Amino acid sequence: MQNIDQQELDKFEKMAKSWWDPQGDFKPIHQLNPLRLSYITQQANGLMGKKVLDVGCGGGILSESMAKHGASVTGIDMSSAPLQVAKNHALENGLRIDYQQITIEDFLQNQTALYAEKGDSEKFDVITCMEMLEHVPDPSSIIASCKQLLKPNGTIFFSTINRTLKAWALVVLGAEYVLKMLPKGTHDYDKFIKPAELLNWCDDAELTCLDMAGYHYNPLTGKFWLNNDVSANYMASFRILP
Ligand code: SAH
């Protein structure tokens, strides 16, 4: 059985067309992107010349921005329409990004022979998995697979949503029902992930947390900012335990 939830993927298939519309369903992601890109660039000590894997890349908002910063990007996702949007958009913008419709578990399996032959140097310097863990049946399997694909001194980034009343009020009630920024039903509260759960899964995968930050949004100004309040949306960086 694959670690996918078809109902979740269907939501993204439906939203694919508006992926690159700055005023569409992904407006908040467009507004968030510069902030998360600078977080990633800073924590990973730059992206120039780095080999990057973007897991659950969707229509490619983050993948493209990392490619523009000099990274050699592979983007994987299991929804076909968003991936097609990503491929077309990269082509139109003259960016070379390797997009593949595959799970991280199968991708890892495909790479195993290569790593056995050529070693860790073939692995990724940076792996990003943003806004995706809360849409899969088994997030721990994603995390464990990511770790196997990372160079010993590489950096992994995860972002997700805390399972708190505040996150429900902001992300489900606020963004989906009141402000109608996202289609109703985009998020399932029960699948939100507490920081302690993320840290435990990372610990099981022998990853250690470098930094964790909450990100916050003012829908009136469209501004995002980071601080140490992780009670709703948050992102974190990890390294392999020395
Ligand atoms: N990471 C992107 C998109 C987030 S939307 C960004 O932050 O800009 C979540 C994405 O995860 C969707 O494109 C969806 O198709 C993908 N996804 C969900 N489950 C997946 C799985 N098991 N494997 C790969 N991609 C998956």
Side-chain angles (χ1 to χ4, degrees), residues 4-37 39-40 54-65 75-86 88-89 99 101 128-137 139 142 157-195 197-198 213-227 229-236:
I4 56 173
D5 179 336
Q6 193 55 49
Q7 277 183 334
E8 291 288 317
L9 297 181
D10 290 344
K11 294 177 192 172
F12 294 101
E13 296 283 359
K14 287 201 194 93
M15 292 155 80
K17 274 202 290 291
S18 65
W19 211 289
W20 282 93
D21 176 358
Q23 302 303 322
D25 291 339
F26 291 91
K27 180 178 174 179
I29 295 283
H30 284 280
Q31 292 171 326
L32 165 67
N33 202 55
L35 183 70
R36 64 184 183 178
L37 178 68
Y39 183 81
I40 292 165
D54 189 14
V55 183
C57 60
I61 296 171
L62 180 64
S63 300
E64 279 203 12
S65 63
I76 65 171
D77 202 286
M78 280 305 281
S79 299
S80 59
L83 261 186
Q84 198 52 53
V85 167
N88 292 343
H89 199 272
Y99 285 119
Q101 187 172 0
T128 53
C129 179
M130 314 304 263
E131 318 300 325
M132 188 259 205
L133 292 175
E134 69 276 16
H135 300 287
V136 301
I142 307 281
F157 297 86
F158 295 109
S159 74
T160 187
I161 311 169
N162 197 344
R163 200 169 59 257
T164 58
L165 186 62
K166 181 175 166 188
W168 175 81
L170 288 173
V171 180
V172 181
L173 185 67
E176 295 181 16
Y177 287 83
V178 179
L179 300 172
K180 300 187 171 49
M181 294 191 308
L182 292 168
K184 292 189 182 98
T186 302
H187 291 103
D188 178 356
Y189 174 76
D190 294 334
K191 301 184 86 177
F192 289 1
I193 295 167
K194 290 186 181 290
E197 293 164 342
L198 179 68
Y215 59 90
H216 307 273
Y217 180 55
N218 181 340
L220 298 176
T221 60
K223 289 268 182 293
F224 272 94
W225 65 96
L226 288 175
N227 63 26
D229 170 8
V230 296
S231 59
N233 297 80
Y234 62 101
M235 51 189 151

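Being a predicted model, the structure only gives us computed values, none of them experimental.
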Exercise. Is there a side-chain hydrogen bond (donor to acceptor under 3.5 Å, both in side chains) between E134 and T160 once you walk through the steps?
Worked result: CA-CA 6 Å; E134 69 276 16; T160 187; 2.9 Å; yes
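Put simply, the residue from N233, I161, L133 that forms a side chain to side chain contact (heavy atoms under 4.5 Å, CB included) with F192 is I161.
Under the side-chain hydrogen bond (donor to acceptor under 3.5 Å, both in side chains) criterion, H135 pairs with E8, sequence neighbours left out. Contacts of P22 classified as side chain to side chain contact (heavy atoms under 4.5 Å, CB included), with partners at least two apart in sequence or in another chain: none. For the side-chain hydrogen bond (donor to acceptor under 3.5 Å, both in side chains) test, residues two or more places apart in sequence or in another chain that qualify with Q31 are Y217. Under the side chain to side chain contact (heavy atoms under 4.5 Å, CB included) criterion, N162 pairs with T164, K194, P195, Y234, not counting sequence neighbours. For P34, the side chain to side chain contact (heavy atoms under 4.5 Å, CB included) test picks out no residue, with sequence neighbours left out. Taking Y99 as the reference, nothing meets the side-chain hydrogen bond (donor to acceptor under 3.5 Å, both in side chains) condition, with sequence neighbours excluded.
Using modelled atom types, one side-chain atom of K11 and one backbone atom of T186 make a donor-acceptor pair closer than 3.5 Å.
Closest approach of E64 and W20 over heavy atoms only: OE1-CH2, 3.5 Å. Considering every non-hydrogen atom in both G60 and W19, the closest pair reads N-NE1, 4.3 Å.
Ring-plane geometry between F157 and Y39 is classed as perpendicular, the angle between the planes exceeding 60 degrees on a 0 to 90 degree scale with a lower cut at 30.
When side chains are defined from C-beta on, L32 does not count as touching M130, because their heavy atoms never get closer than 4.5 Å.
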